[in-house]
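Presented below is the structure to which this report refers.
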Amino acid sequence: MPGEFIGYKDEIKKIEDTIIDFGSEPGASIAIIAGPYTGKSTLMDNLYYKFPLMSTRIKIPAEWDSYEDCEKALNRVQEKIVFIDDCHLLYRRRVGGFQTLRKYLDHIATHPEHLFITSWNIFSWEYLNETLHIEKHFPTQIHLHGLEADEIKSIIMSDYNTGEVIFESGDKNTIERYLIFEKYPLRIKNLERTIDIPVPKLNYSLLNSQLNNFLNRVLKKKSRQNENEKTPEELAFLRIKDISSGNIRLAQIIWQKSLHNSTIKVDEIYLPSFKAKLDYDTTFVGFLILSMGKVSQDSLEDAIGDEIDVVRSLAILRKHELIDIRDRICSVNPEAIQYIESLAKDARMR
Amino acid sequence: MSDHNPNPAEVLLSILNFEVVLQITVLLVVSYIFVKVVVSLLFRLSERFDSHRVHIRMIAPLFKIVFYLIVIYYIASYVLSISSSQLVAFSALTGAIIGFGLKDIFADVAGGIVIILESTYHVGDQIRMGDYYGEVIDIGLRSTQLRTPDDNTVSVPNNLIFIESVASGNYGKSEMMVITDMFIDPQSDAYLAMKISEEAALTSKYIFLNEKHGVTILLNEFPSHLRVRIKAYVNDLRYEFEFRSDITRRSWKAFAQHDIKAPEAFFPGYYQREPGESFSPDRPSRSERVGFENI
């Protein structure tokens, strides 16, 4: 039994209302849509434990073989509410790869006596919306947009006692914050030596996050003065929220990498940054992994076929720490989600 | 006192001296280098923003024309200090030059201005003009440069827009419709072929999809074959041919698994041959032709 669930209060209330109303309004399937590591599986678990007697849960594995496995699990269901996690793993991006998903959607449509509560990866959902108009099968759609700063704070600080972590505003001046000095190795042939020359570069990630902060302030009509009144602790979690876009796994990583000697300096909060320049095929493989969140290498090879050298692309993605591969299961690095997303967006991938 | 219209040659000699010629030369060279640098920076910038590549590149020809017109105006007004009577004399001279010798060049320049003002096509568009087809890589005052599918750079005179119709596949956008035709035997399952072709397009890594840009599959019947036509949008016009090839290759891979065949009429006798038998009984196999067994 999981502990108290933090965040997504409105979303949970909407799902609970649908569950309570189910019976009077049959066939109201729910789709919970979110990016990788946003907490959709934890939310599903929490909801499952709220209605344990009338619900069952199915988790689609990353290395599913055929619809038969899924069908067996679905046919065994007796309970009224069916939680199905990671439904995006039911399709593969190849010719004939939608067959299983179509059968699954048919099953949902022909079994109005059950309330199906499903979870989907946002990138797969958007793609499937354009190809199969999947939104028509799910009258209730819940988008998880990430946690707020105070919710991230509650989750992270639950592991610490009061006063155990010290928050400091930091002592970097503005120029130090916006300029990063990178070492450029200069080879002097005559001396047969290489000298590292510090080259100033603009901190684009910080500028970007500052711009977003500014836009948020303007949109939400928050005053700068109000911001200045915040404590270093509040500022730290606001910053973590901005960088992670409310993604709890990423927020936890940022926290761990920013915490030094039980101290968090607001100006020195870790900012993930990647510089990998990927070719089109490798970006596509990275985008497929992002769309699945977690997918087996075999499924990936099956989907792509012989068109792309998958092994090479995976090696490049791994070398740049954009993905992780364990037991032939590929998963996107939480720190690289925004980077791969931006690469795919630039390449106009769907 | 009689009206004296100055002779153009006299006017030219009166305003041109070594200093003026030097000034004009320096101005033109500096302007040329400046335009080259700015255009090159714009192109480099466009490569960094793939999704806005075409929009950024569209600025380049406009900048070039406006800048050169400003330079010409500056030279005429401040360097040459041409008066109204001198301008009349020059007009006559220019008219004669255009009429006799340089009319094509001036038609090209006029064409260039029309292309920019009317936005007939933009840098980055995939166009067909007359016999030419390719991506517009530069619009100059005199000519438009196209990169053909064979990676040749073709210089098309701008005056062609007055006599030829221009077809632009994307018109200022990165995405473009690509039509792919698949020809199948009339005895094959046409519905399945359409479904496979649609999925080949939808799952392609080059597909561009949204509410307005979907995939359309059309079936046409011909006496000897069926044609499955796939209309889909490629996300970047640079991948036009890769996209078409991707759809064709993956469709045929799936066709082979579902016994969907190429039209018998295209390859008479192909499907009647015994396993291992060469395709044309009248013609020796390739190994027989080159005599591999004797090597």
Side-chain angles (χ1 to χ4, degrees), chain A residues 88 91-102 123-136 202 204 208 275 277-292 299-300 302-310 313 340-350, chain B residues 45-56 124 170 173-176 182 192-215 217 230 232-239 242-243 245-258 260:
Chain A
H88 48 270
Y91 87 99
R92 285 184 193 174
R93 194 160 168 164
R94 62 165 165 77
V95 176
F98 297 120
Q99 214 173 356
T100 301
L101 184 61
R102 282 202 179 103
F123 302 103
S124 285
W125 176 268
E126 284 172 357
Y127 171 70
L128 292 169
N129 241 354
E130 304 297 349
T131 51
L132 301 180
H133 305 291
I134 201 164
E135 81 276 9
K136 289 178 183 167
L202 276 176
Y204 287 110
N208 198 19
K275 289 172 194 160
K277 283 184 181 171
L278 306 179
D279 57 272
Y280 192 90
D281 285 353
T282 306
T283 306
F284 182 68
V285 174
F287 182 60
L288 278 188
I289 297 170
L290 179 67
S291 304
M292 297 292 174
S299 300
L300 209 56
D302 176 51
I304 294 168
D306 55 356
E307 292 140 36
I308 298 174
D309 188 347
V310 179
S313 293
I340 298 178
E341 187 186 351
S342 69
L343 286 181
K345 197 178 167 189
D346 282 347
R348 298 161 66 84
M349 276 176 191
R350 269 292 192 180
Chain B
L45 187 73
S46 73
E47 293 301 325
R48 288 195 68 167
F49 298 94
D50 268 2
S51 47
H52 299 290
R53 181 169 51 82
V54 176
H55 298 114
I56 296 172
N170 56 318
K173 290 173 182 165
S174 295
E175 69 273 12
M176 183 177 80
M182 313 286 294
L192 185 61
M194 288 171 77
K195 211 168 171 51
I196 287 171
S197 305
E198 184 182 20
E199 287 195 4
L202 287 171
T203 55
S204 171
K205 60 189 170 191
Y206 302 111
I207 187 84
F208 181 82
L209 282 171
N210 63 26
E211 282 173 18
K212 291 177 184 168
H213 300 82
V215 175
I217 309 292
I230 305 128
Y233 288 85
V234 63
N235 57 13
D236 189 320
L237 56 95
R238 287 180 180 179
Y239 299 124
E242 287 90 337
F243 183 49
S245 166
D246 190 46
I247 293 174
T248 308
R249 195 163 66 92
R250 292 187 308 117
S251 294
W252 273 112
K253 200 173 164 184
F255 285 176
Q257 288 163 3
H258 294 91
I260 296 170

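To find a chain, count down the sequence lines: A is the first, B the second, and so on, and within it residues start at 1.
Atom-to-atom distance recorded for A:Glu130:CD and B:His213:NE2 is 11.0 Å, nearest 0.5 angstrom. Atom CE of residue A:Met349 and atom CG of residue B:Asp236 lie 10.5 Å apart, to the nearest 0.5 angstrom.
Of the charged side-chain nitrogens involved, none lies within less than 4.0 Å of a carboxylate oxygen, so that B:Lys205 and A:Glu307 do not count as a salt-bridged pair.
When B:Gln257, B:Glu199, B:Glu198 are each tested for a side-chain contact (heavy atoms from CB on, under 4.5 Å) with A:Val95, only one passes: B:Glu199.
Of the possible polar contacts, one joining the A:Arg93 side chain to the B:Ser204 backbone as a donor-acceptor pair under 3.5 Å is found.
Of the listed residues (B:Asn235, B:Ile207, B:Asp246), the greatest number of heavy-atom pairs within a distance under 4.5 Å of chain A belongs to B:Asn235. Contact count versus chain A (heavy atoms, under 4.5 Å) is highest, among B:Arg249, B:Glu211, B:Lys253, for B:Arg249.
Heavy atoms closer than 4.5 Å to chain B are found in the side chain of A:Ile308, but not in its backbone. Looking at B:Ala200, both its backbone and its side chain come within 4.5 Å of chain A, counting heavy atoms on both sides. Of the atoms belonging to A:Tyr280, it is side-chain heavy atoms, and not backbone ones, that fall under 4.5 Å from chain B. Heavy atoms closer than 4.5 Å to chain B are found nowhere in A:Asn129, neither backbone nor side chain.
Minimum interatomic distance between A:Tyr127 and B:Leu202 (heavy atoms only, all atoms of both residues): OH-O, 2.6 Å.
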